[in-house]
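The residues of the chain are indexed from 1 along the displayed sequence. First listed ligand is number 1; within each ligand, the first listed atom is number 1.
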Amino acid sequence: MKRPVAYIAGTGRAVPSNVMSNFDFAAIGIETTDEWIVERTGIKQRHIAKTESVTDLASTASRAAMQKAGVQPGELDIIVVATASPDRLLPSAAVDLQAAIGASRAAAFDVGAACSGFIYGSTVAEAMISIGNADTALIVGVERLSSITDWTDRSTCVLFGDGAGAAVLKRAKQHRGILSTFVRSDGSLGDLLCRPGGGGARPFSSEVLNDRSQFIKMNGREVFKNAVRSMSDAATRALDAAKLTSADIDLMIPHQANIRIIEATAKHANIPMSKVYVNVDRFGNTSAASIPIALDEAIEQGQLGEGSTVLLVAFGAGFTWGSMIVRL
Ligand code: UT7
C-alpha cells in the first residue's frame, strides 16, 4: 500500500436552524405525503436556510474543522469549495469563504462536480499537496439547494436540503490518510440532471423565468439507475486501488441521496448496513455537503476514530461519481 500523501486533521459541519418536515409540504401546496417520501427516499426532514448564506454555512463548518485540526486560517495554502449553489456566480464561493475566515495566504477556487464535489475536491487537494504546492488544505462541500429548487415540482422539491461540511487536509507524516481515490464522469448524460436556464447558453430572461428553467430538472428514474451502478463500481475501484477488501472497512459513508440507492450500493459493495452511515432521514440530499456532514457526525458519535478506515462514495449531476478510502 502506498504511503498516504495527506490526512484528514479535522472536520466540521453546519446546517441552517430551520427544519422542514415532510408534513410541511402541504402548507406550500405540494401534493405529497410523508408516507410517499419516506418509502421512496428515506427522507423525513431537511434543513432549509432562511437567513444563512452559502458563505455563512461554509464559514461555520470551516472554523469547526480548523479548530479540531489545530490550524489557523493564515496557515491554509489552498481552499477548495465544492458547490452547485454559490451565493453569486462570480467570483467563486471559495474566495468569498477565504475573505470570511481571513485565510489571506490561500489560493481559493471552486470545483464543479455536483454531489461528488467533496471527493473531487479532496482528490485535487491531495494532488496539490503531493506535488509540493500545499501543506495544508481546506475542502468544503456546501449547498443552499433550496435557492435553486423548483418549489412547485414535487418530484424534486421533497429531496433536497441545505448545509455544509468541511475537512482540513494536512501533509501526512504517518501511515494514516487518503489511501486511494477514484473519480469519473460521463457528460453525455448531463441533461438528466441539470439547470438548463440562467447560464451562458440561455441567460436569464422572462422566458427562462416563465418556464422555471433556472431551477434543477431531474429524470429521477434514470438518475437512480445510474447512481446505483456507478456508486457500486466506484466502491469496488477504491477498495482495489487501496488493496483492501470490504472486510477492512469500518464504515462506508455514501452520498445521502436516497436510502434505496444507499442500500443497493452497500449490497453491491458487500458491506452490511450496520457499517453504513445514514443521515438522509434528517438532512435530505445536501449534494456536495452530504459526505463531509456525515463524516463529521460519524467522528463526533465515535463511530470513527483515529486508525479507522472509511470508504466514501458519491454520485451526482454530470454525471460525476467517485470514491475515496481514508485511514483516519
Ligand atoms: O444526488 C444525486 C441526485 N439525485 C438522486 O440521486 C435522486 C435519484 N432518484 C430518486 O431518488 C427517485 O427516482 C425519486 C425519489 C426521485 C422518485 O422515486 P421513483 O420511485 O423513481 O418515482 P417516479 O419518479 O417513478 O414516480 C412515481 C410516481 C409518479 O406518479 P405516476 O406517474 O406513477 O402516477 C410521480 O408523479 O410518484 C409520483 N411522485 C410523487 N408522489 C407523491 C413523484 N414525486 C412525488 C411526491 N409525492 N413528492
I need the atoms of ligand 1 closer than 4.0 Å to a non-hydrogen atom of [X], numbered in the order shown.
| X | answer |
| --- | --- |
| V223 | 3 (C), 4 (N), 5 (C), 6 (O), 8 (C) |
| T32 | 42 (C), 46 (C), 47 (N), 48 (N) |
| N285 | 1 (O), 2 (C), 3 (C), 4 (N) |
| V158 | 48 (N) |
| T41 | 15 (C) |
| N258 | 10 (C), 11 (O), 15 (C) |

How are the rings of F283 and H47 set to each other: parallel, tilted or perpendicular (split at 30° and 60°)?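 Rings of F283 and H47: tilted, as their planes differ by 30° to 60°.
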Should [X] and [Y] count as side-chain neighbours, where that means a heavy-atom distance under 4.5 Å?
| X | Y | result |
| --- | --- | --- |
| M218 | L193 | yes |
| D77 | M128 | no |
| F160 | I216 | yes |
| I325 | T309 | yes |

With rounding to the nearest 0.5 Å, note down the distance linking [atom1] in [X] to [atom2] in [Y].
| X | Y | atom1 | atom2 | answer |
| --- | --- | --- | --- | --- |
| K267 | S232 | NZ | OG | 10.5 Å |
| R327 | H175 | CZ | NE2 | 10.5 Å |
| H255 | F118 | NE2 | CZ | 13.5 Å |
| I262 | Q256 | CD1 | CD | 4.0 Å |

Distance from [atom] to nearest protein heavy atom, with residue and atom:
| atom | result |
| --- | --- |
| atom 18 (O) of ligand 1 | R260 NH2, 3.6 Å |
| atom 44 (N) of ligand 1 | W36 CH2, 3.3 Å |
| atom 33 (O) of ligand 1 | R221 NH2, 4.8 Å |
| atom 7 (C) of ligand 1 | M218 CE, 3.8 Å |
| atom 38 (C) of ligand 1 | R154 NH2, 3.7 Å |
| atom 20 (O) of ligand 1 | R40 NH1, 2.8 Å |

For [atom], is the nearest protein heavy atom closer than 4.0 Å?
| atom | result |
| --- | --- |
| atom 4 (N) of ligand 1 | yes |
| atom 14 (C) of ligand 1 | no |
| atom 11 (O) of ligand 1 | yes |
| atom 46 (C) of ligand 1 | yes |

Work out whether the distance between some heavy atom of L193 and some atom of ligand 1 is less than 4.0 Å.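 So L193 counts as touching ligand 1.
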Close approach, C115 and ligand 1, non-hydrogen under 4.0 angstrom: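 Yes; C115 lies near enough to ligand 1 that a heavy-atom distance drops under 4.0 Å.
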Please evaluate residues S85 and E143 with respect to the criterion side-chain hydrogen bond (donor to acceptor under 3.5 Å, both in side chains), reporting the C-alpha separation (whole Å), side-chain torsions for both, the decisive distance (0.1 Å), and the verdict. CA-CA 6 Å; S85 50; E143 302 288 2; 2.5 Å; yes
How does T156 reach ligand 1, by side chain, by backbone, by both or by neither, if only non-hydrogen atoms under 4.0 Å count?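 Within the 4.0 Å criterion, T156 makes no contact with ligand 1.
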For I261, which part has a heavy atom under 4.0 Å from ligand 1: side chain, backbone, both, or neither?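 It is the side chain that gets close, since no backbone atom is under 4.0 Å.
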Quick one: do R184 and D233 make a salt bridge, cutoff under 4.0 Å?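 Answer for the salt bridge query: no.
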Is the closest basic N to carboxylate O distance between D296 and K68 below 4.0 Å?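 A salt bridge links D296 with K68.
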Among G220, A314, A257, G318, which one has a heavy atom closest to atom 8 (C) of ligand 1?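 Closest candidate by heavy-atom distance is G220.
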Quick one: do D211 and R202 satisfy salt bridge (Lys or Arg N to Asp or Glu O under 4.0 Å)? Show the steps, please. CA-CA 12 Å; D211 64 23; R202 281 195 74 200; 3.1 Å; yes
